[in-house]
2 protein chains.
Amino acid sequence: MAEKDCKQDEKRYKERVMAIKDAIELLGGKWKFCILFNLYDSGTMRFKDLQKNSVGITPKVLSNELQELEENLMITRTVNNTKPVTVSYKLTEHAKEVEPVINALINFGLKHRDKIQGK
Amino acid sequence: MAEKDCKQDEKRYKERVMAIKDAIELLGGKWKFCILFNLYDSGTMRFKDLQKNSVGITPKVLSNELQELEENLMITRTVNNTKPVTVSYKLTEHAKEVEPVINALINFGLKHRDKIQGK
DNA sequence: CAGTATCCAAAGGGATACTG
DNA sequence: CAGTATCCCTTTGGATACTG
């Protein structure tokens with residue numbers, strides 16, 4: 001019985017390690033959290049605005065990231081019937097699950113900066 | 001006045017984008033969250049155990065990650081007076097601030113897996 | 001505006017073998 | 001046990017220029 005408990009614990013443990021790995025595979029890299037934060041904060045954004053707000057990203061890289069996010073069903077891409085053409089990006093419902101991660105990340109980042117500067 | 005508000009908003013906004021970037025610079029890559037989760041969960045761990053629990057990491061890579069985490073004051077490394085020598089790693093107080101991030105990440109990872117499998 | 005094309009450097013990360 | 005040493009490949013991401 002104790003052994004069974006142990007194995008169940010181990011199973012739960014591995015599940016969580018795998019969950020982390022899954023999440024990182026989806027959200028990893030230098031820019032994805034930043035992009036998702038922008039969308040989370042503003043609702044809908046266009047390519048240019050995302051580029052401006054992400055501070056430093058080039059169009060090629062932004063384009064890549066957006067495609068990956070779209071493939072993973074984290075954002076939707078809508079072409080607007082304007083002239084010239086504009087494109088809107090927004091989060092899917094599913095992507096809203098990352099909000100807690102982003103908030104936690106911001107929190108950590110702010111505290112960490114204080115820590116470093118406080119020295 | 002409205003303009004001032006706007007600029008303050010923008011300042012707060014950029015601060016948060018920077019916080020995300022800082023956090024990612026520290027915690028980015030394929031393995032760091034996984035390692036920190038292990039330590040967060042177990043308190044103290046040795047090199048070998050970290051390697052085993054991180055499923056797939058090679059000693060070279062683990063060694064790198066641990067050094068980076070130590071430099072950034074996220075973990076401490078202690079050489080134990082045993083024979084043969086063992087080494088213990090544990091989180092610093094400061095690193096405990098990442099707990100919410102890790103939990104949020106796990107949560108997202110689990111939900112995402114459900115979503116994908118549910119199709 | 002919203003990208004794509006091309007080129008390229010650097011970093012990340014893995015395999016394998018070895019050491020104190 | 002706790003790493004280091006080598007080698008090497010792939011991915012990431014940046015610069016720059018161009019297009020519908």
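So you know, we letter chains A, B, ... as the sequences are listed, proteins then strands, and number each from 1.
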(Q) Taking salt bridge (Lys or Arg N to Asp or Glu O under 4.0 Å) as the definition, give me every residue that meets it alongside B:Lys48, ordered by chain and number, with sequence neighbours left out. (A) none
Q) When every nucleotide of nucleotides 5-20 of chain C is labelled 5' to 3' by its protein contacts under 4.0 Å (heavy atoms), B for base, S for sugar-phosphate only, - for none, what sequence of letters results? A) BBB-----BBB-----
Q: Please report, rounded to the nearest Å, how far the P atom of D:dT11 is from the CD atom of A:Gln67.
A: 17 Å
Q: Check the distance between D:dG3's P and B:Ile35's CD1 and give it to me in whole angstrom.
A: 12 Å
Q. Which atom names give the shortest non-hydrogen contact between A:Tyr40 and A:Leu91, and what distance separates them?
A. CA-CD1, 3.6 Å
(Q) At less than 4.0 Å, is any side-chain N or O atom of B:Lys48 found next to OP1 or OP2 of D:dA2? Yes or no. (A) no
Q: Give a yes/no on whether any side-chain N or O of A:Gln51 is located under 4.0 angstrom from OP1 or OP2 of D:dG14.
A: no
(Q) Expressed as a whole number of angstroms, how long is the span from A:Leu50:CG to C:dA2:C1'? (A) 12 Å
Q. Hey, which of B:Lys32, B:Lys30, B:Lys60 is the one that makes salt bridge (Lys or Arg N to Asp or Glu O under 4.0 Å) with B:Glu65?
A. B:Lys32
Q) D:dG3 P sits how many Å from B:Asp49 CG, rounded? A) 12 Å
Q | Of all pairs that satisfy side chain to side chain donor-acceptor pair (under 3.5 Å), the ones with a partner from residues 16-27 of chain A, not counting sequence neighbours | A | A:Arg16-B:Asp41, A:Asp22-B:Arg113
Q) Roughly, in whole Å, what's the span from CG in A:Asn80 to P in C:dA2? A) 8 Å
Q. Under 4.0 Å: is that the gap between some side-chain N or O of B:Tyr89 and OP1 or OP2 of D:dG3?
A. yes
Q | Whole-Å gap separating P (D:dG13) and NZ (B:Lys21) | A | 12 Å
Q. According to a strict under-4.0 Å criterion, is B:Ser63 in side-chain N/O contact with OP1 or OP2 of D:dT4?
A. yes
(Q) Taking Watson-Crick (N1-N3 plus N6-O4 or O6-N4) and G-U wobble (N1-O2, O6-N3), each under 3.5 Å, can you produce the dot-bracket string of DNA chain C? Use [ ] for crossing pairs and | for inter-strand ones. (A) ||||||||||||||||||||
Q) Using a cut-off of less than 4.0 Å, is there contact between a side-chain N or O of B:Arg77 and OP1 or OP2 of D:dG3? A) yes
**Q.** Euclidean distance, A:Ser88 OG relative to A:Phe47 CZ, rounded to 0.5 Å
**A.** 13.0 Å
Q: Only counting residues at least two apart or in another chain, list the ones meeting salt bridge (Lys or Arg N to Asp or Glu O under 4.0 Å) with A:Lys90.
A: none
Q. Could you give the CZ-to-P distance, from A:Phe47 to C:dC1, as a whole number of Å?
A. 11 Å
Q. Who are the salt bridge (Lys or Arg N to Asp or Glu O under 4.0 Å) partners of A:Lys14, not counting sequence neighbours?
A. none
Q) Closest heavy-atom contact between B:Ile20 and A:Cys34? A) CG2-N, 4.1 Å
Q.
Taking the basic N atoms (NZ, or NE/NH1/NH2) and the acidic carboxylate oxygens, is any pair closer than 4.0 Å for B:Glu93 and B:Lys96?
A. yes
Q: Let me know the distance between CG of A:Leu62 and P of D:dT12, rounded to the nearest Å.
A: 16 Å
